[in-house]
Peer 1: 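Quick one: structure below, then a few questions.
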Amino acid sequence: MTTAQPLDVQPTPLALLLLGRDADPKSERGVECPGDLPAPSDPDLVERARAAKARLGDKVFVLGHHYQRDEVIEFADVTGDSFKLARDAAARPDAEYIVFCGVHFMAESADILTTDAQQVVLPDLAAGCSMADMATAEQVAECWDVLTEAGVAEATVPVSYMNSSADIKAFTGKHGGTICTSSNAERALTWAFEQGEKVLFLPDQHLGRNTAVRDLGMSLDDCVVYNPHRPNGGLTAEQLRAAKMILWRGHCSVHGRFSLDSVRDVRERIPGVNVLVHPECKHEVVAAADYVGSTEYIIKTLEAAPAGSKWAIGTELNLVRRLANRFADEGKEIVFLDKTVCFCSTMNRIDLPHLVWALESLADGKVVNRIEVDAEVAAFSKLALERMLALP
């Protein structure tokens with residue numbers, strides 16, 4: 001493990017807990033902050049990255065997700081959320097290499113949407129997503145069998161979050177469903193309920209529940225949670241027949257750790273603070289927040305915020321820190337919602353050493369860590385993505 005270094009985070013009135021040094025018994029199972037933020041890279045790597053990128057010229061297009069570290073974002077040609085970046089890649093057909101500084105499912109989406117002549121590279125193959133990994137193709141196929149046995153499969157439309165594997169996107173496309181992002185989840189669910197009576201929402205239970213209850217006016221009783229680790233998902237046929245939203249038991253390891261106590265605590269510490277959270281947070285956190293929205297919504301809200309306003313943000317640490325620095329000159333106070341510093345550990349596997357290695361390899365004519373999606377999987381995934389793009 002990399003030696004721990006001081007975190008470049010503005011201190012709050014309460015001491016920040018170091019990553020991996022404490023556990024929160026109230027958090028969801030599997031929600032923790034493992035390890036420490038990697039140390040800043042050797043400055044020599046900056047020059048090597050610049051040189052390799054210059055050698056490649058227009059042959060390479062580097063995508064940087066909002067949750068990446070600053071040292072990686074510096075070399076991104078565009079930044080954004082996962083789907084925006086995949087579309088940006090598709091809009092650059094002349095770029096031979098797409099280097100995706102994000103996680104595995106994002107690189108898969110880029111491969112699905114780009115041409116066969118383009119090659120998508122993920123600098124570190126270990127950069128996965130715990131949420132996406134919570135739903136495997138085998139588990140989802142078994143779930144569909146359970147729905148079939150309960151007599152509800154024909155009335156159920158799958159809606160899968162962008163944060164899912166290509167296999168899950170393909171399942172969704174094959175069964176008449178659509179993909180959604182945190183920005184258009186309400187539109188996707190509205191469309192789905194026009195096609196059928198129920199929705200199977202994969203793999204993030206919180207986004208599905210928050211959208212159904214907060215945006216569509218359903219009740220919590222309309223939602224059930226399918227647990228792939230229990231027989232029949234832990235649900236009876238009667239529960240499945242009565243439910244409108246069948247939520248997969250998955251969550252984001254970062255957003256899932258924010259709690260109602262986090263909201264209460266920050267309001268006590270910072271009078272007049274505005275609480276702004278991502279819809280991947282738990283329902284009670286979303287209900288207690290002042291503003292709720294996607295990563296792009298969070299950024300735009302802070303851009304429009306008046307000088308001197310105070311904000312507690314419930315999303316990934318690297319983005320919160322970057323926003324705090326960006327708006328400091330405008331007198332906007334921006335802090336991380338939780339007392340425990342937490343970042344997306346898998347996203348942070350894409351560091352400058354890995355990026356330099358990928359760029360230098362490409363500059364030398366060697367393609368490393370290429371992400372390729374099976375043709376049939378890609379076809380059905382693209383069908384689901386196209387349904388999303390056609391949403392009214």
Side-chain angles (χ1 to χ4, degrees), residues 24-32 129-153 155-165 167-169 171-172 175 177-180 182 185-186 188-189 192-193 196-260 277-288 292:
D24 181 0
K26 296 182 180 179
S27 289
E28 292 181 84
R29 182 178 179 83
V31 176
E32 57 183 347
C129 171
S130 59
M131 179 199 296
D133 292 342
M134 290 177 189
T136 68
E138 294 77 12
Q139 290 172 331
V140 176
E142 182 179 342
C143 171
W144 200 253
D145 289 340
V146 171
L147 300 186
T148 300
E149 291 175 7
V152 300
T156 303
V157 178
V159 175
S160 292
Y161 191 21
M162 181 62 65
N163 299 27
S164 59
S165 68
D167 286 335
I168 301 308
K169 290 183 176 72
F171 167 89
T172 305
H175 290 84
T178 186
I179 308 303
C180 77
S182 52
E186 180 181 0
L189 286 184
F193 280 113
E197 299 173 9
K198 303 175 186 294
V199 164
L200 170 63
F201 194 90
L202 301 150
D204 179 27
Q205 61 169 307
H206 300 309
L207 177 62
R209 181 183 295 106
N210 288 328
T211 306
V213 176
R214 185 173 180 272
D215 299 326
L216 298 186
M218 295 184 189
S219 72
L220 291 175
D221 292 337
D222 290 323
C223 307
V224 295
V225 177
Y226 182 95
N227 185 344
H229 302 292
R230 297 183 62 185
N232 298 318
L235 299 168
T236 65
E238 290 73 20
Q239 287 175 308
L240 289 169
R241 294 184 191 116
K244 292 182 180 178
M245 288 288 293
I246 302 168
L247 305 169
W248 193 264
R249 192 177 185 274
H251 58 265
C252 169
S253 59
V254 171
H255 293 110
R257 70 163 292 102
F258 297 116
S259 67
L260 188 56
V277 303
H278 195 282
E280 289 177 18
C281 293
K282 288 179 280 192
H283 181 68
E284 58 265 31
V285 174
V286 165
V292 181

Peer 1: Could you tell me the separation between the CD1 atom of Ile179 and the OG1 atom of Thr172, rounded to the nearest 0.5 Å?
Peer 2: 4.5 Å

Peer 1: Roughly how far, to the nearest 0.5 Å, is the CZ atom of Phe258 from the SG atom of Cys252?
Peer 2: 8.5 Å

Peer 1: Ring-plane angle category for His251 and His206, please: parallel below 30°, perpendicular beyond 60°, tilted otherwise.
Peer 2: tilted

Peer 1: In the structure I gave you, are the side-chain heavy atoms of Val225 and Arg209 within less than 4.5 Å of one another anywhere?
Peer 2: yes

Peer 1: Report yes if the side chains of Val152 and Arg241 come closer than 4.5 Å at any heavy-atom pair, otherwise no.
Peer 2: yes

Peer 1: Calculate, to the nearest 0.5 Å, the distance between atoms CG and CG belonging to Leu189 and Leu216 respectively.
Peer 2: 5.5 Å

Peer 1: Going by the ring-ring contact (aromatic ring centres under 6.0 Å, His included) test, name the single residue among Phe201, Trp248, Trp144 that passes it with Tyr226.
Peer 2: Trp248

Peer 1: If I compare all heavy atoms of Val292 with all of His278, which pair ends up nearest, and what's the gap?
Peer 2: CG1-C, 4.4 Å

Peer 1: Would Gln139 and Met134 count as a side chain to side chain contact (heavy atoms under 4.5 Å, CB included) if you check the C-alpha gap in whole Å, the side-chain angles of each, and the deciding distance to 0.1 Å?
Peer 2: CA-CA 9 Å; Gln139 290 172 331; Met134 290 177 189; over 6 Å; no

Peer 1: Hey, does Leu235 have a side-chain heavy atom less than 4.5 Å from the side chain of Val146?
Peer 2: no

Peer 1: Would a 4.5 Å heavy-atom cut-off, applied to side chains only, mark Leu200 and Cys143 as touching?
Peer 2: yes

Peer 1: Kindly indicate, with the supporting measurements, whether the criterion side chain to side chain contact (heavy atoms under 4.5 Å, CB included) is fulfilled by Glu280 and Asn163.
Peer 2: CA-CA 11 Å; Glu280 289 177 18; Asn163 299 27; 3.7 Å; yes

Peer 1: Take a 6.0 Å sphere around CD of Glu197 and say whether it holds more than 12 heavy atoms from other residues, nucleotides or ligands.
Peer 2: no

